[in-house]
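Okay, structure first, notes after.
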Amino acid sequence: MKPFNPLFVFIYYVVGFVSAVLHPTTVEGMEDLPKSGVLLCPNHASNWDPILVALRLPVNYRLHIMAKEELFRNRLLGWLLSKVGAFPVSRGSNDIQSVKTAIQAVKAGDNLLIFPEGTVIRGGIGCADGLPAHAKGGVAMIGVRTGAILVPVFVDGEKKLFHRTRIIFGKPYQPVYTGRHGTAEEMQKIADDLLESAYALGGQAVGGKALCPKA
């Protein structure tokens, strides 16, 4: 389903107003953002990240978001999420259907928000896998299979009420690889470079000082 409909527009402006009060943001780099076929790839330090990034994009940007399946277990929340272009992904397993959905969305000319780390990172450790912050190769595979434009995005770590959060969009680019789909090693390097670029936008480093403390 296209993430642009009357209900989406209503939610966009209502939630946008509330989030702007609770978590105001400053944005840099949007002038270079392509309009379609884009993979937006931020670091992930808070559950607020997808909301804050999505609400700073134009209302008609047609953004899909890969969201953890736990959010869809609540019928009402799951229905609302589906209406605004989000779809579930099962973390810790090879969720083929979510990958297919992501690829179809980008090939159709829409855009996708996907977190290379695959989980919220607190205290430098992934909440879902318990591992140090690192990129997962799946983001590169989706980018290569769709011919998408990759855009690293930096989002400040800890979100404090009424304190500004920086969102910085990096320069768009397309990955370089060999053959039709590249090798597994190339996919991992593309993902690693993408995550490093996202952190670097904020003057940070993957595996460096934790952007968000442990809960």
Side-chain angles (χ1 to χ4, degrees), residues 27-46 49-50 52-54 56-57 61 63-66 89 91-92 94-95 98-99 102-103 105-107 110-157 165-212:
V27 180
E28 301 175 29
M30 276 192 62
E31 63 275 5
D32 295 322
L33 196 61
K35 293 182 178 180
S36 62
V38 176
L39 255 62
L40 295 174
C41 304
N43 59 293
H44 200 7
S46 166
D49 294 335
L52 297 182
V53 173
R56 292 315 304 262
L57 295 166
Y61 196 66
L63 183 71
H64 295 263
I65 303 172
M66 293 185 79
V89 58
R91 300 178 300 183
N94 293 321
D95 190 340
S98 68
V99 172
I103 290 175
V106 179
K107 283 189 173 181
D110 290 348
N111 305 296
L112 178 67
L113 177 65
I114 180 172
F115 295 97
E117 292 158 310
T119 181
V120 172
I121 306 295
R122 291 187 178 277
I125 302 297
C127 291
D129 56 20
L131 298 174
H134 68 284
K136 293 179 170 60
V139 63
M141 183 271 290
I142 292 173
V144 168
R145 294 293 178 91
T146 58
I149 301 169
L150 306 183
V151 177
V153 184
F154 176 78
V155 184
D156 273 330
T165 295
R166 289 181 302 162
I167 300 174
I168 305 174
F169 293 90
K171 295 292 184 182
Y173 71 96
Q174 290 186 298
V176 177
Y177 53 92
T178 59
R180 185 179 178 186
H181 296 309
T183 65
E185 291 76 16
E186 287 175 324
M187 294 303 100
Q188 188 59 54
K189 186 177 188 309
I190 290 170
D192 289 340
D193 291 346
L194 183 59
L195 186 60
E196 288 176 6
S197 297
Y199 272 77
L201 289 168
Q204 306 294 328
V206 181
K209 182 180 179 181
L211 296 179
C212 195

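Shown are Val151, Leu150, Ile149; of these, the side-chain contact (heavy atoms from CB on, under 4.5 Å) with Leu40 is made only by Val151. Remark: of the listed residues Asp110, Leu113, Val38, Val38 is the sole one forming a side-chain contact (heavy atoms from CB on, under 4.5 Å) with Tyr61.
A 4.5 Å side-chain heavy-atom check between Pro152 and Glu196 finds every atom pair outside the cut-off. Side-chain contact between Lys189 and Tyr177: absent, with no pair of heavy atoms (C-beta onward) separated by less than 4.5 Å.
Taking CG from Asp193 and CD from Gln188, the interatomic distance works out to 10.0 Å, rounded to the nearest 0.5 Å. Asp156 CG to Leu52 CG: the interatomic distance, rounded to the nearest 0.5 Å, is 10.5 Å. Taken to the nearest 0.5 Å, the CG atom of Asn111 stands 11.5 Å off from the NZ atom of Lys35. Put simply, CD on Glu31 and CZ on Phe169 are 10.5 Å apart, with the number rounded to the nearest 0.5 Å. Taking CG of Leu194 as the reference point, atom OH of Tyr173 lies at 4.0 Å (rounded to 0.5 Å). With rounding to the nearest 0.5 angstrom, the NE2 atom of His181 is 12.5 Å from the CD atom of Glu186.
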Which atom pairs, one a donor and one an acceptor, fall under 3.5 Å between side chains of residues 135-144 and the rest of the protein, sequence neighbours left out?
| residue | atom | partner | partner atom | Å |
| --- | --- | --- | --- | --- |
| Lys136 | NZ | Glu117 | O | 2.9 |
| Lys136 | NZ | Asp129 | OD2 | 3.1 |

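Of all non-hydrogen atoms in Pro116 and Leu195, the two that sit nearest each other are CB-CD1, 4.2 Å. Considering every non-hydrogen atom in both Ala45 and Gly157, the closest pair reads CB-CA, 3.7 Å. For Asp49 against Asn43, the heavy-atom pair with the smallest separation is OD2-O, 3.9 Å. Taking each heavy atom of Thr119 and Gly126 in turn, the nearest pair found is CG2-CA, 3.7 Å. Across Gln204 and Leu211, no two heavy atoms sit closer than the pair CG-CD2, 3.5 Å. Counting all heavy atoms, side chain and backbone alike, Ala148 lies closest to Val106 at CB-CG1, 3.8 Å.
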(message) Please evaluate residues Val120 and Ser46 with respect to the criterion side chain to side chain contact (heavy atoms under 4.5 Å, CB included), reporting the C-alpha separation (whole Å), side-chain torsions for both, the decisive distance (0.1 Å), and the verdict.
(response) CA-CA 6 Å; Val120 172; Ser46 166; 5.6 Å; no
(request) Run the numbers on Val155 and Thr165 for side chain to side chain contact (heavy atoms under 4.5 Å, CB included), then give the verdict. (result) CA-CA 7 Å; Val155 184; Thr165 295; 3.9 Å; yes
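Ring pair Tyr199/Phe154 is perpendicular by interplanar angle, where above 60° counts as perpendicular and below 30° as parallel.
Checked by atom type and distance alone, the side chain of Gln174 pairs as donor or acceptor with a backbone atom of Gly147 at under 3.5 Å.
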